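In what follows, chains are A, B, ... by sequence order, proteins preceding strands, each numbered from 1. Treat the numbers as computed from the prediction; the structure is a model and nothing was measured.
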There are 2 protein chains.
Amino acid sequence: MIAPVTSEEIKAIGRARGEVRYYRPHATLYYEGDPGSDLFTLFSGWAFSFQMLRDGRRQILRFMLPGDVIGVQPDLVGPMDHGVETVTDASACVFRRDALRELLAHDPELSWQLVWLLAHDQALLREHLTGIGRRHVTERLGCLLLEIYHRMARRDMAEGTSCPFPLTQTHLADALGLASAHVSRLLRRLREDGYVTIKSGWLHLHDLDGLTEISQFDDRTLTRRPML
Amino acid sequence: MIAPVTSEEIKAIGRARGEVRYYRPHATLYYEGDPGSDLFTLFSGWAFSFQMLRDGRRQILRFMLPGDVIGVQPDLVGPMDHGVETVTDASACVFRRDALRELLAHDPELSWQLVWLLAHDQALLREHLTGIGRRHVTERLGCLLLEIYHRMARRDMAEGTSCPFPLTQTHLADALGLASAHVSRLLRRLREDGYVTIKSGWLHLHDLDGLTEISQFDDRTLTRRPML
DNA sequence: CGCTTTTTTGAGCTGCCTCAAGCGTGGTGG
DNA sequence: CCACCACGCTTGAGGCAGCTCAAAAAAGCG
């Protein structure tokens with residue numbers, strides 16, 4: 001999947017001047033415990049961040065779409081508290097951590113943007129947390145699909161009310177805190193009720209407003225666009 | 001409750017030079033939708049941040065203990081995506097948002113620290129998210145109690161394996177994504193099994209190691225101390 | 001000491017899980 | 001080009017964890 005990028009992204013990438021790396025699906029950008037990995041801008045493809053528990057349970061924290069910045073989140077010194085893995089073929093622009101620190105010291109505007117970016121990530125995490133903690137599962141799933149659709153639309157990567165959607169139901173389940181069997185049932189119901197179909201790698205929202213309504217979806221975090 | 005503060009906190013507060021405000025329990029520092037509130041350093045007392053759904057369901061995102069910084073998280077321009085409310089009597093040092101922006105421009109070191117702080121908050125959120133999404137409820141509760149205990153201990157506000165604990169079971173329930181009746185049952189079991197008692201505003205951990213074990217508690221996020 | 005808030009406990013229910021088997025599909029190699 | 005394999009999806013059956021509703025006991029608080 002080759003992704004167009006917006007002018008903001010190109011600007012950010014230019015600033016970074018890192019090399020570009022290419023990944024296969026299911027590849028690891030960095031793993032939990034990694035002692036200080038690099039930073040990335042996802043150039044094309046999808047990825048996600050996650051944490052594991054000892055017995056293999058996995059929680060997906062966030063899906064990364066083209067243009068997203070990866071690896072700023074963690075403690076900037078010290079090991080990563082989460083891993084990042086690709087979903088599809090992907091390419092990412094790398095730049096070194098120490099370079100960041102230097103950049104920040106010389107460019108207050110950049111540090112402001114970095115703060116903005118972190119704050120934005122936090123907002124997504126908060127929304128996700130509230131969803132898992134307090135939403136009914138159907139709402140939860142609906143919100144996730146809508147969030148992804150809107151994020152894709154902002155990047156001009158949607159066509160009408162459809163967009164590419166390479167995630168498996170297992171991804172969804174691990175993001176939503178559910179069993180994948182249950183996600184299948186939920187999707188069936190959404191399909192039968194005429195809201196959504198997922199087919200050959202595309203998400204189709206047949207009734208965007210209806211889904212927004214039944215999901216109690218609130219795009220408070222999405223109306224504000226990332227600057228970087 | 002009057003709280004001692006560590007030297008780091010005093011330094012941070014000095015830098016901010018804001019006025020100090022005093023709050024009663026159950027008071028609002030800012031509310032969801034607040035168009036750009038101020039920033040705070042919690043000086044004494046406990047508070048928490050939360051989001052509400054339309055039908056009244058509440059998710060507690062994070063508990064704030066003395067010394068914690070409040071309100072940096074959100075989008076630094078634009079309305080707050082969450083509210084903050086006190087649990088106990090509390091006092092907080094305020095400083096204005098625009099002052100922050102100016103400070104950042106002139107002090108790269110400070111912006112570095114701010115980034116650190118945001119990253120640390122994110123780590124807490126991630127841990128919380130994984131807990132709610134993928135942990136069994138007993139583990140979840142255990143982890144929350146341990147997290148709070150450790151955070152208190154770091155502030156020298158614990159005595160042995162006990163610490164002040166002003167939260168109600170409803171607070172715990174809303175943080176963990178549970179019903180409060182169920183929290184009561186879980187706590188009874190932890191008490192009967194000799195792990196924990198909560199009594200007259202204090203948390204007593206009778207078997208810290210045991211609880212850490214059965215909760216699969218991992219203090220990866222806590223071993224790194226906040227610098228600000 | 002009376003009132004409010006919190007905690008405890010019970011009974012019954014249901015939403016989501018687990019386990020498991022069958023099906024569809026795309027990719028690979030003969 | 002076809003056969004096979006692997007992986008993801010679907011669907012069923014049965015179980016239990018955690019919910020709701022409710023009411024009583026206990027613990028602050030003025």
Contacted region of DNA chain D by chain B, from 5' end to 3' end of the hits, cut-off under 4.0 Å to heavy atoms, spans D/dG18 to D/dT20
Measure from the ring center of B/Tyr195 to the ring center of B/His206 and say whether it is less than 6.0 Å.
-> no
Does the gap between the ring centers of B/His82 and B/Tyr31 come in under 6.0 Å?
-> no
Between A/Arg140 and A/His128, do the side chains contain an N or O donor and an N or O acceptor separated by less than 3.5 Å?
-> no
Does a donor on one side chain and an acceptor on the other come within less than 3.5 Å for A/Thr130 and B/Gln59?
-> no
Candidate pair A/Arg57 and A/Asp174, rule salt bridge (charged side-chain N to carboxylate O under 4.0 Å, His left out), full reasoning | CA-CA 8 Å; A/Arg57 286 173 283 175; A/Asp174 283 346; over 6 Å; no
Given B/Arg21 and B/Asp38, is the salt bridge (charged side-chain N to carboxylate O under 4.0 Å, His left out) satisfied, shown in steps?
-> CA-CA 12 Å; B/Arg21 288 190 201 147; B/Asp38 294 320; 3.5 Å; yes
Side chains of A/Asp121 and A/Asp68: does their closest heavy-atom pair fall under 4.5 Å?
-> no
With a cut-off of 6.0 Å (strictly less than), are more than 12 heavy atoms of other residues, nucleotides or ligands near CZ of A/Arg54?
-> yes
Rounded to whole angstroms, how far apart are CZ on A/Arg24 and P on C/dG27?
-> 11 Å
How does each nucleotide of nucleotides 5-16 of chain C score, in 5' to 3' order, for protein heavy atoms under 4.0 Å: base (B), sugar-phosphate only (S), or none (-)?
-> -SSBBBB----S
